[in-house]
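Just follow the structure's listing: the first ligand is 1, and inside any ligand the first atom is 1. What you see below is based on every heavy atom in this structure, not just the backbone, and it leaves out hydrogens, waters and symmetry mates.
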Amino acid sequence: MKKMLNLLILAVLVLTLIPVAASAQEGVVCQEEVTVAADDWLSKYADKYFGNVLSWPAIMALHNQAAADDPASFPNSIVNADILEVGWTICIPAEDAAEAFLATYDPDKPETLYAAGESGQLVVGSWWTAGGEAEGLAGMFRIYEEQYPGVEIVNATVAGGAGTNFKAVNKTRLLGGDPADTFQLHAGLEVETYSPETYLQPVDDIYASEGLEQVFPPDLLTLLKYQDHYWGVPVNIHRSNVLWYNEALFGELGLTPPANFEEFQQVAEALQAAGIQPYVMGTKDGWEAGHVFEDVLAGTLTPEEYRGLWTGEFSWMDPKVTQALENFKMMLSYVNEDHPALTWDGAGEYLIGGTGGMMIMGDWTDGWFTSKEFTGYGWAPPPGTQGIFVALSDSFSLPAEAPNLENAENWLRVCGSLEGQEAFNPQKGSICARTDCDPALFNEYLQSAMVDWSQDAIVPSVAHGAAAIESWATDYKDVLTLFVASGDVAAGQAGLQQACVDAGVCQ
Ligand code: GAL
């Protein structure tokens with residue numbers, strides 16, 4: 001009986017205490033307020049107060065909440081976990097609150113590290129972390145902040161070129177019903193992988209209200225439409241097929257960029273004889289070989305034949321595809337040995353350092369060179385692709401369950417706007433998706449890309465979502481990664497054919 005009574009008392013106590021505990025959580029309790037000194041950083045505090053360097057997210061999140069609740073005491077919120085400024089006052093949260101935060105913390109949802117602004121958050125998912133692209137994105141954020149003050153923008157990036165890592169994280173979030181408010185999506189068939197009818201919302205209304213059908217070129221609009229709807233607002237046009245070279249080296253050796261594969265070999269031999277790594281690649285993220293090979297295909301086939309590969313009208317078993325693999329194999333005989341350890345920008349360092357001659361990569365390289373203050377680069381269409389523009393476009397989409405819907409819709413308005421595109425593209429190393437941007441804002445390379453975009457034969461990139469559904473693009477890239485290692489032309493061609501069969505496009 002006594003035991004029963006004790007239990008009852010305990011139950012009453014627990015029930016009355018719960019609301020007290022909940023209300024205590026509404027305001028952040030700081031166990032200490034510290035003033036940032038030189039060489040202080042978040043994980044140092046985490047170690048000192050919680051005995052674990054990995055507890056830093058709890059300090060960041062709860063400090064930011066305290067800063068939102070009480071800006072007079074904490075005027076500075078932490079935007080970047082690596083940047084604390086000397087003199088800031090940081091709220092070190094109470095241990096139990098830190099533990100409670102960490103129990104549910106998911107690093108793939110960086111929004112939990114930030115307080116909501118007066119008008120909520122805007123969580124923007126992308127893979128733009130490299131030089132140039134990060135600055136371009138920041139430029140678009142600035143326009144958004146000017147137009148929609150009071151919204152806390154969360155830059156939810158996952159590093160890895162071409163979205164290698166981002167896409168998996170993003171998919172998990174979408175399927176889990178817990179998406180970012182908007183995310184980077186290539187124009188074209190890539191959208192299929194997200195089952196847009198279930199997980200995304202069409203953005204047709206934004207096209208109508210912003211008059212976007214009048215400002216994007218018709219071919220791009222066609223590429224963007226899937227199942228009769230628009231699922232993303234494009235911010236740019238990128239070119240996949242650019243051969244970048246070190247101008248000073250070419251000048252010293254009296255070389256001109258190779259127009260075809262024979263010339264490529266001659267130039268490579270000359271560079272090699274001069275002790276220069278002739279051709280550089282980084283293949284660390286598994287998409288780069290597929291990227292270069294799409295440009296080799298475009299340089300070996302006609303534009304119609306190249307397009308036909310993705311529609312089933314041109315056979316992957318054609319001798320011209322064999323020839324393309326042979327051409328690529330020849331190029332690979334001049335490649336840097338450390339390519340599997342390097343990302344695309346890591347490989348670019350060879351050009352900057354003057355130890356590498358040529359690299360084939362998309363024109364985000366122009367934004368990256370610029371961010372590195374490297375001006376000694378030249379550009380040309382890779383062998384055989386004069387008059388051909390292998391195109392892709394980045395857009396932003398609207399998840400069906402976007403938590404901050406209005407903020408996301410306004411973001412898409414900025415993405416489609418002239419101000420947004422002019423702030424973004426000159427730094428990103430891409431040209432506007434809109435046709436009315438001011439060319440004077442762009443450097444010489446980008447101005448040349450604008451001219452080419454207006455007159456070249458346009459073919460879609462497969463490595464960046466335009467030409468094929470994601471599963472096919474992945475199989476294709478895997479075949480090329482294997483090919484780089486084996487150099488086996490017959491196996492490579494059979495693999496490419498099989499990938500087409502598996503995609504349901506070839507017999
Ligand atoms: C592409 C993307 C570009 C650039 C590049 C390197 O897929 O469209 O904007 O980010 O990857 O990561």
Side-chain angles (χ1 to χ4, degrees), residues 124-140 155-170 182-191 193-194 220 223-224 232-242 244 281-295 342-349 359-372 389-397 415 420-421 423-433 445-446 449 453 460-470 473-474 476-477 480:
V124 181
S126 84
W127 58 88
W128 287 331
T129 56
E133 46 194 38
E135 284 93 337
L137 184 59
M140 214 151 45
N155 187 14
T157 50
V158 182
T164 353
N165 306 316
F166 173 80
K167 287 179 184 173
V169 168
N170 189 47
T182 178
F183 67 88
Q184 183 185 352
L185 171 70
H186 285 126
L189 286 169
E190 184 173 295
V191 68
T193 195
Y194 295 116
L220 178 62
L223 187 66
L224 286 156
V233 175
V235 288
N236 65 359
I237 302 292
H238 262 308
R239 181 175 190 160
S240 153
N241 61 318
V242 190
W244 307 97
M281 256 190 4
T283 55
K284 187 169 179 219
D285 284 333
W287 57 275
E288 303 90 336
H291 176 117
V292 174
F293 188 65
E294 72 184 15
D295 298 335
L342 300 179
T343 55
W344 66 270
D345 43 330
E349 295 286 358
M359 171 165 103
I360 293 174
M361 188 35 66
D363 51 8
W364 40 91
T365 310
D366 172 75
W368 180 72
F369 281 150
T370 306
S371 80
K372 304 281 286 181
F389 192 116
V390 185
L392 60 124
S393 165
D394 295 298
S395 78
F396 279 91
S397 68
C415 288
Q421 302 216 348
F424 175 70
N425 287 294
Q427 303 197 73
K428 173 68 170 89
S430 43
I431 59 174
C432 291
Y445 164 74
L446 290 169
W453 169 243
S461 159
V462 63
H464 306 280
I469 55 169
E470 183 78 0
T474 302
Y476 158 91
K477 287 182 266 191
L480 268 306

Give yes if a backbone or side-chain nitrogen or oxygen of [X] is under 3.5 Å from a nitrogen or oxygen of ligand 1, and no if not.
{"X": "Trp364", "result": "no"}
{"X": "Trp287", "result": "no"}
{"X": "Trp128", "result": "yes"}
{"X": "Gly160", "result": "no"}

Checklist entry - Within the distance-only criterion (no hydrogens, no angle test), does the side chain of Thr182 pair as donor or acceptor with the backbone N or O of Phe396 below 3.5 angstrom? => result no
Next on the checklist: Quick test: of every protein heavy atom, which one is nearest to atom 12 (O) of ligand 1, and how far off is it to 0.1 Å?
Outcome noted: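 Result for atom 12 (O) of ligand 1: Ala162 N, 3.0 Å.
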Item to check | Which residue and heavy atom of the protein sit nearest atom 7 (O) of ligand 1, plus the separation | outcome: His464 ND1, 2.7 Å
[X] neighbourhood, listing ligand 1 atoms whose heavy-atom distance to it stays under 4.0 Å:
{"X": "Gly161", "result": "12 (O)"}
{"X": "Lys428", "result": "3 (C), 4 (C), 9 (O), 10 (O)"}
{"X": "His238", "result": "3 (C), 9 (O)"}
{"X": "Trp127", "result": "1 (C), 2 (C), 7 (O), 10 (O), 11 (O), 12 (O)"}
{"X": "His186", "result": "1 (C), 2 (C), 7 (O), 8 (O)"}
{"X": "Leu392", "result": "8 (O)"}

Checklist entry - So, for Trp364 and His464, is the gap between ring centers shorter than 6.0 Å? => result yes
Item to check | Check: Phe166 ring centre within less than 6.0 Å of Trp128 ring centre | outcome: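 No; Trp128 has its ring centre 6.0 Å or more from that of Phe166.
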Checklist entry - Applying side chain to side chain donor-acceptor pair (under 3.5 Å), which residue pairs with at least one partner in residues 155-166 are found, sequence neighbours left out? => result none
Checklist outcome for this item: Shortest non-hydrogen pair, Ala347 vs Gly282, comes out as CB-N, 3.4 Å
Checklist entry - Any idea which heavy atoms bring Lys284 and Glu288 closest together, and the distance? => result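 Heavy atoms of Lys284 and Glu288 come nearest at N-OE2, 3.6 Å.
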Checklist outcome for this item: Contacts of Cys432 meeting disulfide (SG to SG under 2.5 Å) (sequence neighbours excluded), chain-then-number -> Cys437
Next on the checklist: Parallel, tilted or perpendicular, judged at 30° and 60°: which one describes the rings of Trp244 and Phe369?
Outcome noted: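 Answer is perpendicular, since the angle exceeds 60°.
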